[in-house]
There are 2 protein chains.
Amino acid sequence: MRISELSRTSGVSVPTLKYYLREGLLPPGAPTAVNQAEYSEGHLRRLRLIGILTDIGGLSLRAVGDVLDAIDDDSLTTHQMLGVAHHALGPRDTDDEEPTADVTAARADVDRFLRGRGWRVSPQAPARRSLAQALVTLRRMGRDIDDAVLDRYADVADRLAAQELSRVTGSRSRIAAIESLVVGTVVFEAVLVALRRLAQEHHSARRLSPRTRDGGLVVDK
Amino acid sequence: MRISELSRTSGVSVPTLKYYLREGLLPPGAPTAVNQAEYSEGHLRRLRLIGILTDIGGLSLRAVGDVLDAIDDDSLTTHQMLGVAHHALGPRDTDDEEPTADVTAARADVDRFLRGRGWRVSPQAPARRSLAQALVTLRRMGRDIDDAVLDRYADVADRLAAQELSRVTGSRSRIAAIESLVVGTVVFEAVLVALRRLAQEHHSARRLSPRTRDGGLVVDK
DNA sequence: GCAATTGGATAGTAGCACTATCTTTTATCG
DNA sequence: CGATAAAAGATAGTGCTACTATCCAATTGC
């Protein structure tokens with residue numbers, strides 16, 4: 001398959017394919033001449049993966065590149081691979097500023113919570129920081145979260161994760177397993193977030209719609 | 001309070017404040033002279049809200065502007081306001097292409113599912129489309145989701161949403177309620193996503209790398 | 001009185017994800 | 001065999017977002 005056919009079957013324009021090639025997101029095709037190369041089914045599959053990661057997962061091309069590199073690195077275990085994917089999915093810019101006192105405290109809370117749950121999680125996991133940051137925000141807004149609530153959320157997360165992982169372990173080839181894991185992470189997350197918003201809207205309609213507004217406070221604009 | 005003090009207490013640089021003022025994200029201060037204006041506590045609160053929406057929620061400034069406009073629009077009910085927030089949180093660019101057959105089918109599935117659950121959700125809710133898109137992706141990858149699984153996810157989402165909404169209804173002023181709702185939507189979502197990843201990593205460690213005792217994962221990003 | 005600050009305006013920047021154009025070489029069809 | 005289309009590779013340009021930088025005249029605070 002040459003580039004124009006790859007473009008046609010993948011729906012990605014030729015210039016964009018060349019761009020992906022330049023950026024190393026797509027491995028070069030097998031050269032058949034100085035200016036001719038052959039692309040395979042694998043290129044097509046990779047393109048599909050890139051599409052899922054960017055469109056559904058909302059990853060930047062740089063993050064996609066990190067995930068792809070990890071997939072291609074045979075020295076990594078599948079578990080390490082997932083860590084890389086989580087890393088890529090994490091907050092785009094890691095601000096390396098000095099954390100404030102409440103952030104430090106929240107991180108300690110998170111660590112304590114994870115230990116309490118017996119969850120084995122890498123100390124570098126970006127989700128640790130995300131969680132701490134969210135907790136700080138809640139606290140600053142005066143809506144401090146009690147451990148019972150956090151535990152309820154964690155129970156939910158635990159059950160979902162266990163179920164998903166059980167599908168992946170007995171999987172085919174390494175690359176298929178990895179892709180399935182990454183895609184599952186991203187896509188099931190999208191499913192959960194979408195359902196949560198749908199549920200929220202439903203409850204909001206039940207609770208808030210029949211009534212009129214409560215305050216009528218004038219905003220200083 | 002003048003602009004430099006607003007900058008100092010909010011941590012946002014003066015040029016950026018001016019930019020927000022220009023873009024209408026921040027209402028102008030009360031002018032005290034031709035080139036002097038007074039900023040209030042309300043400006044500080046709004047800046048905090050902007051920060052949460054962009055940093056935690058990952059919203060673009062344009063989306064933040066939409067949410068802010070909705071907050072300031074007294075003719076909207078709190079429920080409608082939430083709809084706007086959901087809209088802003090939805091996928092950035094709504095591609096208005098002709099949906100393929102499987103996408104149309106998935107949308108119908110989603111509608112049927114919502115009816116079956118008795119969820120009252122606006123037909124325009126972006127989460128409908130997100131969910132359908134995710135379902136299509138899963139289907140294309142040969143990991144079709146059965147209704148039992150979807151129901152389990154939905155149960156989870158339902159419980160979480162009900163719990164969050166119950167906190168908001170008995171709230172103070174309209175603006176406080178709205179901010180609490182928006183922030184809750186965004187921040188609790190971050191909490192859930194973070195916990196889900198943490199749980200996933202834990203299960204991944206248990207299943208895929210039983211020998212590592214620390215979560216020992218070295219990633220150079 | 002005068003340096004520092006302010007509001008307002010305009011222009012510039014960095015990063016991202018492409019998109020366009022050009023050159024040289026090769027394939028392919030009549 | 002030759003005309004035409006397509007290929008690889010390189011360089012430059014585009015549109016968008018979220019800021020920064022610089023200027024200027026008016027004003028404030030010591």
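Chain letters run A, B, ... following the sequence lines, proteins first, then strands; residues in each count from 1. All figures in this text were calculated on a predicted structure; none of them were measured in a lab.
- Between A:Tyr39 and D:dA8, a side-chain N or O to OP1/OP2 separation shorter than 4.0 Å is present.
- The separation between B:Arg8 atom CZ and C:dA4 atom P is 16 Å, rounded to whole Å.
- Note: A:Phe188 and B:Tyr153 have parallel aromatic rings, judged against thresholds of 30 and 60 degrees for the angle between ring planes.
- Which of D:dC19, C:dC18, D:dA26 sits closest to the side chain of B:Tyr19 comes down to D:dC19.
- For the pair B:Leu17 CG and D:dA21 C1', the interatomic distance rounds to 15 Å; values are reported in whole Å.
- Looking at A:Leu68 and A:Ile50, their side chains come closer than 4.5 Å, going by heavy atoms from C-beta outward.
- Under the 4.0 Å criterion applied to side-chain N and carboxylate O atoms, A:Asp102 and A:Arg139 are not assigned as salt-bridge partners.
- Each of B:Thr54 and B:Val34 was matched to the nucleotide of DNA chain D holding its nearest heavy atom; the match closer to the 5' end belongs to B:Thr54.
- In this structure, B:Arg2 reaches the D:dG29 phosphate: one of its side-chain N or O atoms is under 4.0 Å from OP1 or OP2.
- A:Gln36 places its CD atom 6 Å from the P atom of D:dA8, with the value rounded to the nearest Å.
- Not one side-chain nitrogen or oxygen of A:Ser13 sits closer than 4.0 Å to the OP1 or OP2 atom of C:dC18.
- Atom CG in B:Asp55 sits roughly 14 Å away from atom C1' in D:dC19 (whole-Å rounding).
- Dashed line: the shortest gap from a side-chain N or O of B:Thr16 to OP1 or OP2 of D:dT20 is under 4.0 Å.
- Remark: A:Tyr20 is in phosphate contact with C:dC18, judged by side-chain N or O atoms under 4.0 Å from OP1 or OP2.
- Electrostatic pairing of A:Glu164 and B:Arg196 counts as a salt bridge here, judged by a charged N lying under 4.0 Å from a carboxylate O.
- Taking 3.5 Å as the limit, the base of C:dT19 and the side chain of A:Arg22 contain a donor-acceptor pair of atoms between them.
- With rounding to whole Å, B:Leu26 atom CG is found 15 Å from D:dC19 atom C1'.
- Taking the six-membered ring for Trp and thresholds of 30 and 60 degrees, B:His202 and A:Trp119 have nearly parallel ring planes, at less than 30 degrees apart.
- Residues A:Ile3 and B:Pro15 each lie close to DNA chain D; by heavy-atom proximity, the contact nearer the 5' end of the strand is made by A:Ile3.
- In this structure, the CG atom of A:Leu21 is 13 Å from the C1' atom of D:dA10, given to the nearest Å.
- Taking only distance into account, the side chain of A:Asn35 never meets the base of D:dA8 through a donor-acceptor pair shorter than 3.5 Å.
- Distance CD (B:Glu23) to P (C:dA9): 13 Å, rounded to an integer number of Å.
- Spacing between atom NZ of A:Lys18 and atom P of D:dT11 amounts to 14 Å, rounded to whole angstrom units.
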